[in-house]
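Let me begin by presenting the structure, written as structure tokens, before commenting on it.
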2 protein chains.
Amino acid sequence: MTLPGLRERKKQRTREALIKVALELFTAHGYERTTVDEIVDTVEVSQRTFFRYFSSKEEVAFAVQQMVEERFVEALRRRPPGEGPFDALRNAVLSGWDTIGDAITEVVPLDLYLRTFQMIESTPALLAVHLRRSTEMEETLARIIAEREGLDVDADPRPRIAVAAFSGVMRVTGQMWGRGTDQSLEAIRALTEQYLDHLGAALAPRWRDRT
Amino acid sequence: MTLPGLRERKKQRTREALIKVALELFTAHGYERTTVDEIVDTVEVSQRTFFRYFSSKEEVAFAVQQMVEERFVEALRRRPPGEGPFDALRNAVLSGWDTIGDAITEVVPLDLYLRTFQMIESTPALLAVHLRRSTEMEETLARIIAEREGLDVDADPRPRIAVAAFSGVMRVTGQMWGRGTDQSLEAIRALTEQYLDHLGAALAPRWRDRT
DNA sequence: GAGGCTAGTGACAGTCACTGACAATTGACA
DNA sequence: TGTCAATTGTCAGTGACTGTCACTAGCCTC
């Protein structure tokens, strides 16, 4: 492995500057009210360059999120094969939250990321993209689960169904966290744990009998 | 109730013409490759008028879907209070599929609707909007479920969690139906039934023991 | 049934995201 | 140092969408 040359480092710096400035402007003034021109003027590159780094204005908003998701997938891959599908998913998220903070801070301040996440949840256009990206990740997760269990994803619907139910709960978790008052990493971790525990109970035929 | 005047009827006709032409062009040439100008030229109204009826190009693609969703919500509201939350959701969808066909045909041919649904599933921009709309409906469903069970949605997470898991499965159903070969109303009904039955089993800790 | 009121429409100009084409620049490397 | 190739900037254009204002046509009153 060779050291990255000047050219490569410059590219990396431009990319990170674009992300940082974009997220700061987005969270400060709102996503819609921030134009791409404002971003590129601050970073001092041309608009054309922005669109060479990011295929759309939306994409830059998900740059950090992208990294978080990749970590989660890796965490799932590393789960011991003895765990059942649901436990593997659950433990992958929970262990992920423990190490994710440092990785984020290397790119942007942690609180900027947390504010970005809330902005995504509260901006319709971004929420839509977020949800679509989530389903793309679900497909990845389903394939990993299927492989763990020695199943064919296309023949047996259970991996996709389990992942869909799991992801649904994760999404509600993110939503509730965004609306709540405690906007810390610890809070989202606790909510995740709590809500996943509820899933089994929520599926029980009648709730009133066993409250 | 008075008969709608000429003005009102004219508006209704314009709206339906825009929907029909838009869906036909979308399904024939693709959503992205169809411009709003093409739609309005065919219907012979100005672009400005199009945007007075629909707030965006996306919205017209969901005009029929909107109606279907409203029906489902109504069906859920009419479920007997004795049913558990999950059964109520399940039966509302299944009974919905039986009567939905006629309602759709009043606006557009059934097969145009089915093709539109597939187009939505296979067009990233529309899929994103579709998913966001789904979560909006989930909120409605969660509130209905909470009310049925005499719970407070904001205090007890179970309604939202149950609905999220349920909707996740419904989404997978729609996806699988779109990818499959049998594109009939009956097929989607059968898939719905089959996949919902799998949900309980998919959550079981270990799958291998009970295949 | 003439005339005023107003909802609905069209025409026009402008903004913003995004793209293709080509020219200018600048690391990389012989 | 000079050449090559990657990166960036400039420019012109498209398509979705919005504000404004004038105009047309149902509607309603006298």
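Quick caveat: nothing in here was measured; it's all calculated off a predicted structure. Throughout, protein chains are lettered first and strands after them, A, B, ... in sequence-line order, and every chain is numbered starting at 1.
At a threshold of 4.0 Å, the pair A:R133-A:E136 does not count as salt-bridged, since none of the basic side-chain nitrogens sits closer than that to a carboxylate oxygen. Looking at B:E139 and B:R160, a side-chain N of the basic residue comes within less than 4.0 Å of a carboxylate O on the acidic one, giving a salt bridge.
Comparing B:E8 and A:S56 by the nucleotide of DNA chain C that holds the closest heavy atom to each, the one mapping nearer the 5' end is B:E8. Residue whose closest nucleotide on DNA chain D sits further toward the 5' end, between B:F51 and A:S46: A:S46. The residue among B:T34 and B:K10 whose nearest nucleotide of DNA chain D lies closer to the 5′ end is B:T34.
Between A:T49 and D:dG9 there is a side-chain polar atom (N or O) within less than 4.0 angstrom of OP1 or OP2. Taking side-chain N and O atoms only, B:K57 has no distance below 4.0 Å to OP1 or OP2 of D:dG15.
Nucleotides of DNA chain C lying under 4.0 Å from heavy atoms of chain B occupy a range whose first and last members, 5' to 3', are C:dT6 to C:dA11.
Considering CG of B:L112 and OG1 of B:T116, their distance stands at 4.5 Å, rounded to 0.5 Å. To the nearest 0.5 Å, atoms CD1 (A:I161) and CD1 (A:I145) are separated by 13.5 Å. In this structure, B:I100 CD1 and B:L185 CG are separated by 8.5 Å, a value rounded to the nearest 0.5 Å. Here the CD atom belonging to A:Q66 is positioned 10.0 Å from the CE atom belonging to A:M137, to the nearest 0.5 angstrom. Expressed to the nearest 0.5 Å, how far OG1 of B:T14 lies from OH of B:Y53 amounts to 4.0 Å.
Using a 4.0 Å cut-off on heavy atoms, none of the residues of residues 16-25 of chain A approach DNA chain D.
Regarding A:F54, its CZ atom lies at a distance of 15 Å from the P atom of D:dT7, rounded to whole Å. The nearest whole Å value for the distance from the CZ atom in B:R52 to the P atom in D:dT20 is 13 Å. Here the C1' atom of nucleotide D:dA5 and the NZ atom of A:K11 are 12 Å apart, to the nearest Å.
At a cut-off of 3.5 angstrom, the base of D:dG19 holds at least one donor-acceptor pair with the side chain of B:R48. Side chain B:R33 to base D:dG15: no donor-acceptor pair is found below 3.5 Å.
Nearest nucleotide to the side chain of A:Y53, out of D:dA25, D:dA16, D:dT8: D:dT8.
Because its NZ or CZ atom is not both nearer than 6.0 Å to the ring centre of B:F50 and within 45° of the ring axis, B:K57 does not count as a cation-pi partner of that residue.
In this structure, the side-chain hydrogen bond (donor to acceptor under 3.5 Å, both in side chains) partners of B:Y113, at least two apart in sequence or on a different chain, are B:Q65.
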